[in-house]
Amino acid sequence: MTTSTRDIGDTRVTRLSASAYRIPTDRPEADGTYAWNATTLVRVEVAGGGEVGLGWTYAPAATGEVISGFLADVVLGTDLLDVGGTNQAMIRAGRNAGRPGLVGEAISGVDTALWDLKGKVVGLPVHRLIGACRDSVPLYGSGGFTTYSDDRLSQQVEEWLAVGMTAGKIKIGEDRGRRVDRDILRMRQAKALLGPDRELFVDANGGYTRKQAIRVMERVGDLDVAWFEEPVSSDDPAGLREVRDAVSADVAAGEYGYDLVYFRRLCEEGAVDCLQADVSRCGGITEWLRVAAVAAAFGLEISGHCAPHLHAHVAAAVPNLRHLEWFHDHVRIEAAALDAAAAVQDGRLVLGDEPGLGIRWREADMAEFRVG
């Protein structure tokens with residue numbers, strides 16, 4: 001028996017570039033431990049095989065210097081079909097620079113661009129290139145910043161309901177846990193708006209101490225909170241486990257993970273009920289798949305953190321997906337910056353059939369935000 005493949009010509013990567021954009025928020029935003037008024041996106045392009053691949057990461061503009069520096073030395077000239085091999089080569093090249101932080105975010109941006117390029121060259125959407133488990137992914141609404149007024153929080157919940165979200169997440173732990181009474185008032189407001197048939201999720205961004213997080217959940221036991229994200233710092237797996245053992249809500253963490261060992265440690269120590277991972281930090285689509293496998297080995301599901309259009313295809317390709325975060329800040333940016341084939345229907349992000357990630361960058365709309 002013989003097989004044949006379509007001749008797609010020279011598949012070497014011939015160009016790699018990065019550019020940064022700083023996009024102001026639509027109003028001041030804050031969580032339990034951080035406040036911001038703009039978000040920086042680093043766009044990555046890779047060319048080869050007659051196509052151009054697009055990827056990005058939400059990271060400081062200096063990430064672009066890592067991409068155009070030693071990562072370019074690694075990536076240029078590689079076979080665009082061998083994304084996994086190039087990913088490992090980038091990881092090895094970044095050893096002495098330190099993978100967590102800018103290097104990890106740079107690798108992530110390049111990796112996603114390579115997957116987009118590979119899909120375009122072979123003529124397949126990325127989720128089918130990997131091996132699709134589904135053609136759409138469940139979403140939950142996310143935002144509810146601690147800086148929001150009651151009116152703005154109500155408006156945002158209504159926006160989630162209008163597109164069919166069955167769960168919504170707000171930020172708590174305000175001022176590093178110093179405004180618990182306001183946290184509780186806002187949780188009650190959000191739950192009343194969501195109604196009895198939709199789930200309330202909360203995210204403290206590590207703003208509480210261990211016992212404080214437990215006490216907060218005791219005070220809102222009647223709300224049946226379903227998801228408690230980073231009740232304490234994600235660098236404290238023992239603390240996450242202590243909270244997890246004491247509350248009924250599922251405890252989640254992992255958005256700041258940059259390597260498999262970190263995610264394995266969260267699983268081994270029983271720190272989470274659902275593992276989170278961020279394609280724009282953990283090493284791109286290639287590494288996100290491996291993180292999902294680690295979670296599956298421990299009987300856990302995985303949730304995609306933020307950047308919905310960046311996660312859509314890989315989320316559709318893993319069997320143990322729980323959901324994907326429809327995060328206000330990134331949703332707003334991606335709507336302005338991208339023409340995307342995927343669209344929200346009844347609380348799910350439905351993927352299209354366009355090759356690659358099914359996205360196009362609208363530079364004319366983003367040029368005013370370009371920096372560096």
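Source: prediction; values computed, not measured.
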>> I'd like to know if the side chain of Asn320 reaches the main chain of Ala292, judged simply by a donor and an acceptor atom lying under 3.5 Å from each other, with no hydrogens or angles considered.
In response: yes
>> Between Asp116 and Gly55 (side chain of the first, backbone of the second, donor and acceptor by atom type, cut-off under 3.5 Å), is there such a pair?
In response: no
>> Using a 3.5 Å distance criterion without hydrogens, assess whether the side chain of Gln212 forms a donor-acceptor pair with backbone atoms of Gly177.
In response: yes
> Do the ring planes of Tyr140 and Trp227 sit parallel (below 30°), tilted (30 to 60°) or perpendicular (above 60°)?
Replying inline: tilted
> Do you know which of Val314, Val279, Ile130 makes side chain to side chain contact (heavy atoms under 4.5 Å, CB included) with Trp115?
Replying inline: Ile130
> Roughly how far apart are Arg264 CZ and Phe298 CZ, rounded to 0.5 Å?
Replying inline: 7.5 Å
>> Would the distance check show the side chain of Arg244 and the main-chain N or O of Gly270 forming a donor-acceptor pair, the cut-off being under 3.5 Å?
In response: yes
> Parallel, tilted or perpendicular: which fits the ring planes of Tyr58 and His330, with parallel below 30° and perpendicular above 60°?
Replying inline: parallel
> Any donor-acceptor pair under 3.5 Å linking the side chain of Lys120 with the backbone of Gly53?
Replying inline: no
> So, Arg219 and Asp181, do they make that salt bridge, N to O below 4.0 Å?
Replying inline: yes
> Rounded to the nearest 0.5 Å, how far does CG of Asn87 lie from OG1 of Thr112?
Replying inline: 10.5 Å
>> So for atom CZ, which belongs to Arg12, do other residues, nucleotides or ligands contribute more than 12 heavy atoms lying within a distance under 6.0 Å?
In response: no
>> Given 3.5 Å as the limit, does a donor-acceptor pair link the side chain of Lys171 with the main chain of Gly144, or not?
In response: no
> Can you hop from Tyr34 to Phe145 via hydrophobic side chains spaced under 4.5 Å?
Replying inline: yes
> Is it true that a side-chain atom of Lys211 and a backbone atom of Val243 form a donor plus acceptor pair closer than 3.5 Å?
Replying inline: no
>> Return the CG to CZ distance between Leu41 and Arg22, rounded to the nearest 0.5 Å.
In response: 12.5 Å
>> I'd like to know whether Gln189 forms a side-chain hydrogen bond (donor to acceptor under 3.5 Å, both in side chains) with Arg186, so could you lay out the CA-CA distance, the side-chain angles of the two residues, the decisive distance to 0.1 Å, and finally the verdict.
In response: CA-CA 5 Å; Gln189 179 193 359; Arg186 294 177 64 253; 5.9 Å; no
>> Is it the case that over 12 heavy atoms from other parts of the model lie below 6.0 angstrom from the CZ atom of Arg360?
In response: no
> Yes or no on side-chain contact (heavy atoms from CB on, under 4.5 Å) for Asp111 and Trp288, after CA distance, side-chain angles and deciding distance?
Replying inline: CA-CA 11 Å; Asp111 183 86; Trp288 204 92; over 6 Å; no
> Is the closest basic N to carboxylate O distance between Asp250 and Arg322 below 4.0 Å?
Replying inline: yes
>> Quick one, Asp135 with Arg128, criterion salt bridge (charged side-chain N to carboxylate O under 4.0 Å, His left out). Give me CA distance, side-chain angles, the key distance, then yes/no.
In response: CA-CA 9 Å; Asp135 291 318; Arg128 298 204 178 280; 2.7 Å; yes
> Roughly how far, to the nearest 0.5 Å, is the NE2 atom of His328 from the CD atom of Gln156?
Replying inline: 6.0 Å
> Does Pro60 reach the side chain of Thr40, with side-chain heavy atoms less than 4.5 Å apart?
Replying inline: no
>> If hydrophobic clusters are built by linking Ile, Leu, Val, Met, Phe, Trp and Tyr wherever their side-chain heavy atoms come under 4.5 Å apart, do Trp326 and Val350 end up in the same one?
In response: no
> Counting distance only, does the side-chain N/O of Thr147 pair as donor-acceptor with the main-chain N or O of Pro28 below 3.5 Å?
Replying inline: yes
> How far apart are the closest heavy atoms of Leu275 and Val291, and which atoms are they?
Replying inline: CD2-CG1, 3.8 Å
> Same cluster for Leu193 and Met165 if Ile/Leu/Val/Met/Phe/Trp/Tyr side chains link at under 4.5 Å?
Replying inline: yes
>> To check you understand the geometry: which heavy-atom pair defines the closest contact between Val371 and Ala61, and what is its length?
In response: CG2-CB, 4.2 Å
> How far apart are the closest heavy atoms of Thr33 and Asn205, and which atoms are they?
Replying inline: OG1-O, 3.1 Å
> Are Trp56 and Phe327 connected in the hydrophobic side-chain network, where two residues link if heavy atoms are under 4.5 Å apart?
Replying inline: no
>> Tell me whether the rings of Trp361 and Tyr21 are parallel (<30°), tilted (30 to 60°) or perpendicular (>60°).
In response: tilted
> Which atom names give the shortest non-hydrogen contact between Glu334 and Ala307, and what distance separates them?
Replying inline: OE2-CA, 3.3 Å
> Is there side-chain contact between Leu161 and Leu194, with heavy atoms separated by less than 4.5 Å?
Replying inline: yes
>> Arg182 vs Asp175, test: salt bridge (charged side-chain N to carboxylate O under 4.0 Å, His left out). Steps then yes/no.
In response: CA-CA 11 Å; Arg182 184 167 188 264; Asp175 194 16; over 6 Å; no
>> When you group the ILVMFWY residues by side-chain heavy-atom contacts below 4.5 Å and let the links chain together, are Val272 and Tyr256 in the same group?
In response: no
> Between Val75 and Val110, is any pair of side-chain heavy atoms under 4.5 Å apart?
Replying inline: yes
>> Could you go through Glu269 and Leu240, starting from their C-alpha distance and side-chain angles, then the distance that decides it, and tell me whether this counts as side-chain contact (heavy atoms from CB on, under 4.5 Å)?
In response: CA-CA 9 Å; Glu269 298 195 23; Leu240 290 169; over 6 Å; no
> Under 3.5 Å, is there a donor-acceptor pair between the side chain of Ser280 and the main chain of Thr57?
Replying inline: no
>> Any heavy-atom pair between the side chains of Arg370 and Glu363 that's under 4.5 Å?
In response: yes
>> In terms of relative ring orientation, are Phe201 and His323 parallel, tilted or perpendicular, with 30° and 60° separating the classes?
In response: tilted
> So does Arg99 pair up with Glu287, basic N to acidic O under 4.0 Å?
Replying inline: yes
>> Surrounding CG of Asp339 (heavy atoms of other residues, nucleotides or ligands, distance under 6.0 Å), is the total greater than 12?
In response: yes
>> A side-chain contact here means heavy atoms from C-beta on lying under 4.5 Å apart; do Leu338 and Leu54 qualify?
In response: yes
> Is any side-chain heavy atom of Ile23 closer than 4.5 Å to a side-chain heavy atom of Arg332?
Replying inline: yes
>> Determine whether Arg134 and Leu321 satisfy the following criterion, side-chain contact (heavy atoms from CB on, under 4.5 Å), listing intermediate values before the conclusion.
In response: CA-CA 10 Å; Arg134 57 189 70 81; Leu321 176 77; 3.7 Å; yes
>> Tell me whether Arg188 is salt-bridged to Asp222, with the criterion being a basic N under 4.0 Å from an acidic carboxylate O.
In response: yes
> With respect to His127, which candidate in Val137, Leu351, Val318 satisfies the side chain to side chain contact (heavy atoms under 4.5 Å, CB included) definition?
Replying inline: Leu351
>> Minimum heavy-atom separation for Ala253 and Ser234, please, with both atom names.
In response: CB-CB, 4.2 Å
>> Between Glu230 and Asp203, does the side-chain contact (heavy atoms from CB on, under 4.5 Å) criterion hold? Intermediate values first, please.
In response: CA-CA 6 Å; Glu230 289 193 326; Asp203 182 0; 4.1 Å; yes
> Any donor-acceptor pair under 3.5 Å linking the side chain of Tyr208 with the backbone of Pro231?
Replying inline: no
> How long is the gap from OG1 on Thr63 to CZ on Arg43, to the nearest 0.5 Å?
Replying inline: 15.0 Å
> Rounded to the nearest 0.5 Å, how far does CD1 of Ile172 lie from CE of Met187?
Replying inline: 4.5 Å
> Taking all non-hydrogen atoms of both residues, which atom of Leu324 and which atom of Gly304 are closest, and how far apart?
Replying inline: CD1-O, 3.6 Å
>> Within the 4.5 Å heavy-atom criterion, are Val344 and Val331 side-chain neighbours or not?
In response: no
